[in-house]
Amino acid sequence: MAKWILIDGNSIIYRAFFALPPLTNSAGLHTNAVYGFTTMLLKLIEEEKPTHMLVAFDAGKTTFRHEGYAEYKGGREKTPTELSEQFPILKELLKSFGIAQYELPGYEADDIIGTLSRIADEGGVETVVVSGDKDMLQLASDNVTIALTRKGISEVERYNPAEIKERYGLTPLQIIDLKGLMGDTSDNIPGIPGVGEKTALKLLHEFGSVEAVIAGVNELKGKMKEKVEEHQESAVMSKKLATIYREVPLEHESDELAYSGYDDAALGDAFRKLEFKSLIERLGLSAAGSAADVPAAEANYEVVSLSGLPADEVTELLRASESIYIEAIGDNPHQSRLIGIAVASGDRILTVTYDELMGTTLSAPVRAWLEDANAPKKGYDLHKAELTLHWMGIDLRGVALDTMLAAYLLDPTDTSLTLAALISRYKLASIQSDEAVYGKGAKFQVPGSDVLAAHLAAKADAVRRLIPVLTDELEKGHMSKLCYELEQPLAVVLAGMEKQGIKVNPAVLEDLGAELERNIAQYMSDIYTHAGMEFNINSPRQLGEVLFEKLGLPAWKKTKTGYSTDAEVLEKLAPYHEIVGMILHYRQLAKLQSTYVEGLLKEIRRDTGKVHTYYRQTIAATGRLSSQFPNLQNIPIRLEEGRRIRKAFVPSEPGWTILAADYSQIELRVLAEISGDENMKEAFIKDIDIHTKTAMDVFGVTPDQVDSNMRRQAKAVNFGIVYGISDFGLSNNLNITRDEAARFKEQYFAAFQGVRAYMDNIVVQARENGYVTTLLDRRRYLPDIHASNFNIRSFAERTAMNTPIQGTAADIIKLAMVNMDKEIRARGLRSRMLLQVHDELVFEVPQEELELMKTLVPQVMASALKLDVPLRADVSYGDNWYEAK
DNA sequence: TACATCACG
DNA sequence: ACGTACGTGATGTAG
């Protein structure tokens with residue numbers, strides 16, 4: 001037996017919103033109305049057991065009712081953002097429920113429901129209409145019951161025609177007349193002023209309809225007669241407005257409403273995002289629930305040690321390996337200590353300790369297997385493992401899949417990609433956290449061999465269990481190619497660069513350090529003199545006291561903890577007191593000394609005379625790399641004093657040259673490409689200076705009229721565009737008013753209309769999909785795009801604009817790196833790729849390859865990805881990184 | 001360990 | 001009206 005449930009989405013979500021106290025999830029998203037809606041849905045499903053369900057929504061602001069009466073629904077309070085942000089969430093949730101939803105421009109939810117209930121009624125289908133709006137009673141019939149929400153949301157009161165008769169003494173259709181007479185404040189329907197429910201009912205019981213009341217007006221007396229005479233037109237119009245239109249041109253077949261129950265996994269995911277913990281529990285969705293909820297599985301494998309297994313069985317086990325886990329201690333993989341290895345194969349997991357690997361002949365097959373490029377390994381953070389093993393004299397080869405990398409691609413904003421966290425995220429049987437096994441901080445300790453072996457085996461097993469889930473998810477997200485053809489090969493290229501390292505000449509740094517020390521001492525004493533006291537200039541707190549209390553300089557910017565003393569503040573303060581300039585200089589030199597001279601010297605390895613950075617491939621939310629121990633992506637360049645640090649970066653072989661190639665305006669070229677803006681594309685195709693071009697268009701001048709200041713401002717506008725422009729940010733950056741900034745922006749968008757369209761579209765896309773993507777389908781989720789908090793939401797919107805640009809640029813240089821590595825190998829070159837700095841690649845090149853590399857590198861970089869907009873890379877070279885400018 | 005600051009793209 | 005530019009890592013101070 002068919003049973004339909006038709007729900008007035010707008011009415012119910014409003015009721016729920018006002019009935020329930022504010023409720024937010026940890027991301028600050030309001031969820032109370034969705035929660036209320038959900039509890040009601042669950043109850044309906046349980047009690048009514050529907051075969052078909054539909055939630056109808058109002059679409060757009062105006063409906064056919066506005067044509068006859070422009071003030072319809074006028075004077076309404078604007079929907080609070082705390083509620084409006086919940087509409088997209090509800091619509092998304094309905095998808096997880098597997099419930100149909102429908103809206104049609106020009107019609108209200110009532111009309112859609114009216115039409116469907118008519119169709120159901122004509123077909124003799126039992127139907128329940130759910131709403132908070134009494135008007136709906138007009139739809140009641142023998143087949144159609146109206147369920148009206150009562151106080152709160154979960155309680156409903158059901159009406160069939162008999163119950164309407166009992167309650168009001170009216171037929172369903174007379175409900176329209178009731179409203180025609182009494183009106184409805186919430187919809188701004190006037191009715192007859194002064195006529196409320198009681199009077200209206202009395203009139204209807206006597207006359208039967210609005211028209212009959214008007215016709216019989218002479219039978220009325222006194223005030224009542226006057227009112228009806230005066231407002232009869234209003235009554236007729238009100239009746240019309242209150243009439244639900246039951247002939248909406250629906251484009252859908254009613255079988256699209258079929259409801260076959262929700263998918264536990266989909267609904268569980270949706271509830272987890274919303275943090276509806278009680279509902280997860282109530283529906284038993286928590287079996288797949290959060291980390292702690294999933295009990296550890298009974299181990300279905302045997303842990304075997306290297307010494308406990310005959311050599312031929314070790315070889316066979318390795319050959320049939322399904323996953324590997326390599327444990328090392330320490331953040332810096334160039335200095336980390338290997339603890340042990342576990343390899344999973346069928347019902348046995350082999351564990352190999354550090355001592356076994358390094359000390360016994362038993363380990364020979366293991367080492368051979370690790371180094372065998374034809375033996376595929378699927379593991380976890382194998383990039384780090386490769387480096388750890390490298391410094392032990394073992395070359396890890398044959399990496400086929402890295403689960404950490406895969407998990408990063410699936411959610412690059414995830415900051416906890418530990419195995420335990422991933423296992424929990426993907427709802428697999430849990431494993432112990434490292435902290436539980438090793439302890440942390442001072443308590444850190446490697447446990448005894450049995451406990452350790454069990455833990456490593458559990459991790460290898462965890463990797464094995466993650467593989468199908470992650471590869472499946474990658475496939476669903478269209479990121480398999482990105483993973484296997486870009487990120488995985490890149491991991492190997494990066495490891496090669498890191499092992500190679502770049503030579504640093506300590507003498508250059510020491511000389512610079514001595515000079516800095518003298519200057520710093522001088523600034524310190526001068527600053528103390530001007531302050532009239534000695535204090536720690538490095539302490540923003542003490543500095544703030546000196547500047548703003550002792551010296552009485554104007555404080556205009558604060559931090560959480562006190563006065564701000566950052567460069568922006570000090571630059572504004574400089575004219576007031578000469579100590580300020582000294583502090584700025586002191587800061588600059590102190591930074592160079594501590595971070596770059598002393599910091600870098602500490603990182604030079606004794607054995608290689610080089611610094612070996614560690615590129616992290618799973619940190620940046622946009623797909624960029626990051627660099628640690630030391631960070632070689634922020635070596636000074638903008639100011640000459642700092643730039644001299646680069647003189648210390650030299651070739652590691654005598655007679656070789658440092659060659660650097662950087663992409664020209666890669667982010668703006670990417671923007672031109674993905675926005676398709678013709679004006680901008682043309683500028684790049686003609687290789688016109690983009691900032692000058694921007695200045696021409698923004699200021700409406702000819703090329704020769706563009707002065708350096710105009711170009712500077714245009715450049716700032718371009719930066720702003722890439723970052724997701726806001727008036728305030730631009731005005732702040734250019735030190736102009738917000739109005740001026742807004743005008744710049746307007747001018748810019750007038751010239752680059754495709755860019756404007758991109759910015760608008762990408763935000764809509766982010767709202768609809770919940771994520772944005774790069775050209776290579778790299779994905780970033782933006783849950784905050786629905787936040788009610790203006791700041792949080794705005795940040796997500798800017799991120800939506802920026803990430804495809806920055807991320808695609810990252811995709812491109814990564815492609816170039818993989819291709820460049822291939823070229824070097826294929827051509828048997830001795831040149832080495834050493835560094836990547838987001839849009840720049842640095843090589844060391846033997847003399848005889850210089851001419852080739854000068855053309856090869858930019859050519860490979862420019863052709864990394866075929867675009868409409870040409871890519872360009874410029875090369876420079878010299879005896880050190882400073883000279884390669 | 002959190003915060004402020006500043007180096008880079 | 002709201003108040004920020006996007007993405008990182010290292011350092012020193014202070015609780």
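Just so it is clear: chains get the letters A, B, ... in the order the sequence lines come, proteins before strands, and each one is counted from 1.
At a threshold of 4.0 Å, the pair A:Lys384-A:Glu498 does not count as salt-bridged, since none of the basic side-chain nitrogens sits closer than that to a carboxylate oxygen.
When heavy atoms are screened at a 4.0 angstrom cut-off, A:Asp839 is found touching the sugar-phosphate backbone but no base atom. Across all strands shown, A:Asn631 has heavy atoms under 4.0 Å from sugar-phosphate atoms exclusively, and none from any base. Among the heavy atoms of the strands lying under 4.0 Å from A:Arg738 is at least one base atom, whether or not backbone atoms are also near.
Distances shorter than 4.0 Å separate some side-chain N or O of A:Arg798 from OP1 or OP2 on C:dC6. Distances shown here put a side-chain N or O of A:Thr559 below 4.0 Å from the OP1 or OP2 atom of B:dA4. Contact annotation: A:Arg624 does not reach the phosphate of B:dC8 (side-chain N/O to OP1 or OP2, under 4.0 Å). Listed pair A:Ser564 / B:dT5 meets the phosphate criterion, a side-chain N or O lying under 4.0 Å from OP1 or OP2. Taking only side-chain nitrogens and oxygens, A:Asn538 comes nearer than 4.0 Å to OP1 or OP2 of C:dT13. Using a 4.0 Å cut-off, some side-chain N or O of A:Gln542 falls inside it from OP1 or OP2 of C:dA14. A close approach under 4.0 Å does not occur between any side-chain nitrogen or oxygen of A:Thr622 and OP1 or OP2 of C:dC6.
Proximity of residues 800-810 of chain A to DNA chain C (heavy atom under 4.0 angstrom from any strand atom) is restricted to A:Asn802, A:Gln806. Less than 4.0 Å separates DNA chain B from at least one heavy atom of each of the following residues of residues 577-600 of chain A: A:Arg587, A:Lys591, A:Tyr596.
Whole-Å rounding puts the A:Arg616 CZ to C:dG9 P distance at 8 Å.
The base of C:dG15 is not paired with the side chain of A:Arg541 by any donor and acceptor separated by under 3.5 Å.
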